[in-house]
2 protein chains.
Amino acid sequence: MTYGSEKIPLHCSKCPLRRLDLFLPFDEEEIKFMESFKSGDMIVEPGTHLFIEGAEAAQLYTVLSGLGIRYKTLENGRRQVVNFVMPGDFLGLQAGVMQKMSHSIEVTTKMRLCVFERSRFYELYKNQPDRGYSLTYLAALEEYFLAEALTTVGQRGALEKVSWGLHRFRIRGEALGLLKNGKVPLPFKQQDLADALGLSLVHTNKTLAKLRSDGIANWQDGELEVKDFQALTKLAMVEDFELPKRPLI
Amino acid sequence: MTYGSEKIPLHCSKCPLRRLDLFLPFDEEEIKFMESFKSGDMIVEPGTHLFIEGAEAAQLYTVLSGLGIRYKTLENGRRQVVNFVMPGDFLGLQAGVMQKMSHSIEVTTKMRLCVFERSRFYELYKNQPDRGYSLTYLAALEEYFLAEALTTVGQRGALEKVSWGLHRFRIRGEALGLLKNGKVPLPFKQQDLADALGLSLVHTNKTLAKLRSDGIANWQDGELEVKDFQALTKLAMVEDFELPKRPLI
DNA sequence: CGCCTGATTGATAGTTGTCAAGTTAAGTGG
DNA sequence: CCACTTAACTTGACAACTATCAATCAGGCG
C-alpha cells in the first residue's frame with residue numbers, strides 16, 4: 001500500500017454518518033459486530049484508483065467522507081461514468097460475491113474509508129443474517145439507481161439529462177448534510193457529468209450555461225447552487241422523487 | 001389471481017434449468033430447502049404484468065421458461081427497457097428487500113414461473129446463509145448487466161448499439177440451450193429493442209436492415225440468425241465477453 | 001512569466017429523430 | 001370465402017439535436 005494512507009482509528013459507534021437520517025438505524029449488537037469485522041481506516045488522495053475494472057480485490061470499503069467516480073471504459077477510449085461515489089457508499093460488493101469488479105473506481109477528493117477484508121465477506125451471511133440482508137439491500141439499491149440512470153441516458157434530452165444530474169446531486173448532497181447557504185459541494189469536472197449522461201463535453205457546457213442564464217441552477221467553482229428547485233425538478237421530470245433510506249455497512 | 005394461471009407441480013430436483021452450464025451447481029440440501037420454500041408454479045399468458053413500477057408485491061418468482069421485459073416509463077410517455085427477462089431470472093428481488101419495484105415487468109411469451117412468498121423472504125437469510133449470499137450475487141449480477149447497458153446506451157453509436165443488443169441475445173440464448181440451426185428465438189418487437197437502446201424505432205429498423213444486408217445478422221419472424229459472429233462481436237466492441245455463471249433461486 | 005488544465009463560445013458537420021406513406025401478415029366478421 | 005382491420009415492419013424525405021472542430025479565456029502553479 002503506497003496510497004499515502006494513514007491510520008486513523010475511529011470506532012463505529014462514533015461514526016458521524018450514523019446520525020444522518022439517510023441511513024437506517026443500527027442496534028448495539030450490529031455496531032459491535034461491524035467494529036470487529038472492520039480491519040482499519042484509510043485515507044486516500046485524489047487520483048487514487050480503489051478498484052480497476054476486471055481486477056480482483058482483497059479489500060472492500062465503506063466511504064466515510066470524500067467523493068469519487070465509478071466508471072467503465074470502452075475499447076474506443078470512451079468512458080461511461082456509472083455513478084458518483086459519496087459518503088455511506090459501500091465499495092466492492094461485486095468483488096465480494098463475483099470474482100471481479102465490472103467497473104473502476106477513482107477517488108476525486110481526499111477520501112476517508114473504512115476497510116474490510118474480502119476473505120471474511122462470507123462471515124456476514126453466516127453469522128449476521130441482518131448484515132447479509134443489508135448487503136442485498138444495497139445491491140438492489142444500486143440496481144435501482146442504475147436503472148434510473150439508464151432511463152435518463154436512454155430517454156431524456158440533453159437539457160433534461162443535465163437537469164436530472166444536478167437534481168440528483170442536490171438531493172444526495174442535502175441528504176448527506178452538505179447543503180450550506182443553498183449550495184452543495186460538487187467538485188467534479190464537467191467532463192465527468194458529460195460522461196455520466198452520454199453527452200459531449202461541449203454540449204454539456206452549453207446546457208449548463210443555459211440553466212445558469214435561465215436562473216435555474218449554478219454550478220461553478222466546485223459548488224452547485226440550485227436557484228429554482230421546482231423548475232429543475234420539472235425539467236428533470238422527477239416530480240415525486242424521494243431518496244430511499246439505506247443501510248450502512 | 002385471474003391471470004389464467006394453472007397449477008403444474010414440478011419438483012425442484014427435476015427443474016430442467018439445473019442441467020444448464022450457465023447455472024451454479026446446487027447441493028441436495030439446498031434443493032430440499034428451496035422445494036419447501038417454493039409456494040407453487042404458475043403459467044401466465046403474454047401481456048400479463050408481473051410487477052408494476054412503484055407497487056408492492058406479495059410474490060416473487062423464478063422464471064422457468066418464457067420471455068419478458070423489464071421497463072420503466074417516464075412522465076412524457078417514453079419507455080426505457082431496462083433488461084430482457086429470460087429463464088433462470090429471479091423476479092422481484094427489489095420488492096423483497098425494498099418496499100417496491102422500481103420497474104415494471106411484462107410477459108412477452110407464455111411464461112412458466114416458480115412462485116415464492118415475499119413474507120418468507122427473510123427466512124433465506126436466517127436459515128440458509130448460502131441462499132442469502134446467492135441473492136446478493138444475483139443483485140450484483142443485475143448491477144453488472146445494467147452498467148453494461150448504461151455504457152452501451154451512453155457511449156456507443158447506433159450500429160454498435162444494435163450489434164451489442166443482438167450479440168447479447170445470441171449469447172444468452174445460446175447459454176440457455178436455445179440455439180438451433182444457428183438461430184435463437186427472439187420474439188420481441190423492434191420497438192422493444194429500440195426502447196432498450198435509446199434509439200427511435202425507425203432508426204433501429206434501418207440499422208437492422210444494414211446488418212442484414214451486410215450479411216452479419218438476420219432478425220426476422222421472431223428468430224435471430226447471426227451469420228458473422230466475429231463481425232458482430234467487433235461492431236459491438238465486446239471482444240472478450242464471457243457470460244458469468246449465476247445462481248438459481 | 002509561461003505552462004497546463006478546465007471552462008467557454010462560435011461555426012460547421014453528422015448522426016439520429018420525426019413525419020408520412022406503403023407493405024406484409026394475421027386476424028375478424030359478414 | 002372474402003372484404004376489412006390492425007399490428008408490425010419498411011422506406012424515403014426532411015428536420016433537429018448533438019457532436020466535432022477550433023479558438024479563446026481564466027485560474028493555479030512552478
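The sequence lines fix the lettering, A, B, ..., with proteins before strands; numbering per chain opens at 1.
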Original post:
When the distance from CG of A:Asn76 to P of D:dA19 is rounded to whole Å, what number comes out?
Top reply: 14 Å

**OP:** Check whether any side-chain heavy atom of B:Asp195 sits under 4.5 Å from a side-chain heavy atom of B:Gln80, and report yes or no.
**Re:** no

Original post:
What integer distance in Å separates A:His203:NE2 from C:dT15:P?
Top reply: 17 Å

Subject >> Options C:dA7, D:dG12, D:dA8, nucleotide nearest the side-chain atoms of A:Lys189 >> reply: C:dA7

**OP:** Take the protein atom CZ of A:Arg212 and the nucleotide atom P of C:dA7, then report the distance between them rounded to whole Å.
**Re:** 10 Å

Original post:
Is it true that a side-chain atom of A:Glu223 and a backbone atom of A:Gln220 form a donor plus acceptor pair closer than 3.5 Å?
Top reply: no

**OP:** Could you tell me, to 10°, how much the axis swings from one end of the helix from C:dC1-D:dG30 to C:dG30-D:dC1 to the other, five pairs per end?
**Re:** 30°

Subject >> Side-chain (B:Lys72) to main-chain (B:Ser102) donor-acceptor, under 3.5 angstrom >> reply: yes

Table of protein N/O atoms under 3.5 Å from nucleotides 26-28 of chain C N/O atoms:
none

Original post:
Can you pull the ring pair (Phe, Tyr, Trp, His ring centres under 6.0 Å) pairs that have at least one residue in residues 211-232 of chain B, sequence neighbours excluded?
Top reply: B:His167-B:Phe229

**OP:** Count the heavy atoms of every other residue, nucleotide or ligand shown that sit under 6.0 Å from CG of B:Asn76, and state whether that count exceeds 12.
**Re:** yes

Original post:
Would you say a side-chain N or O of B:Asn205 is under 4.0 Å from OP1 or OP2 of D:dC9?
Top reply: no

**OP:** Enumerate the residues from residues 190-200 of chain B whose closest heavy atom to DNA chain D is under 4.0 Å, giving them by residue number; use none for an empty result.
**Re:** B:Gln190

Subject >> Separation of C:dT16 C1' from B:Leu201 CG (nearest whole Å) >> reply: 13 Å

Original post:
Is there side-chain contact between A:Thr73 and A:Ser104, with at least one heavy-atom pair below 4.5 Å?
Top reply: no

Original post:
Near DNA chain D, which residues from residues 151-163 of chain A have a heavy atom under 4.0 Å away?
Top reply: A:Gly157, A:Ala158

Subject >> Sidechain-backbone polar pair: A:Thr48 side chain, A:Val44 backbone, donor-acceptor under 3.5 Å >> reply: no

Original post:
Between atom NE2 of B:His103 and atom CD1 of B:Ile69, what is the distance when rounded to the nearest 0.5 Å?
Top reply: 12.0 Å

Subject >> Stepwise salt bridge (charged side-chain N to carboxylate O under 4.0 Å, His left out) test for B:Asp89 and B:Arg172 >> reply: CA-CA 12 Å; B:Asp89 283 9; B:Arg172 287 189 76 180; 3.4 Å; yes

**OP:** Look at the side chain of B:Lys206 and decide which nucleotide, out of D:dA13, D:dA19, D:dC21, has an atom nearest to it.
**Re:** D:dA13

**OP:** Output, in order, the C-alpha distance, side-chain angles, deciding distance and verdict of ring-ring contact (aromatic ring centres under 6.0 Å, His included) for A:Tyr61 and A:Phe51.
**Re:** CA-CA 11 Å; A:Tyr61 313 97; A:Phe51 295 100; 5.7 Å; yes

**OP:** Just do the side-chain contact (heavy atoms from CB on, under 4.5 Å) check on B:Leu67 and B:Val85 with the steps written out, would you?
**Re:** CA-CA 5 Å; B:Leu67 301 172; B:Val85 174; over 6 Å; no

Subject >> B/S/- contact track for nucleotides 25-30 of chain D, protein heavy atom under 4.0 Å >> reply: ------

Original post:
Rounded to the Å, how far apart are B:Lys210 NZ and D:dT11 P?
Top reply: 14 Å

Original post:
Does the pair A:Lys227 and A:Asp214 meet the rule for a salt bridge (charged side-chain N to carboxylate O under 4.0 Å, His left out), with working shown?
Top reply: CA-CA 10 Å; A:Lys227 301 213 161 191; A:Asp214 286 355; over 6 Å; no

Subject >> Heavy-atom check, side chain of B:Arg78 versus side chain of A:Arg156, under 4.5 Å >> reply: no

**OP:** Would you mind reading off the distance between B:Gln220 atom CD and C:dT24 atom C1', rounded to a whole angstrom?
**Re:** 12 Å

Original post:
Do the side-chain N and O atoms of A:Gln190 and A:Thr204 include a donor-acceptor pair separated by under 3.5 angstrom?
Top reply: no

**OP:** Measure the NZ-CG distance between B:Lys206 and B:Leu201 for me, rounded to the nearest 0.5 Å.
**Re:** 10.0 Å

Original post:
Do the side chains of A:Phe90 and A:Thr62 get nearer than 4.5 Å, heavy atoms only?
Top reply: yes

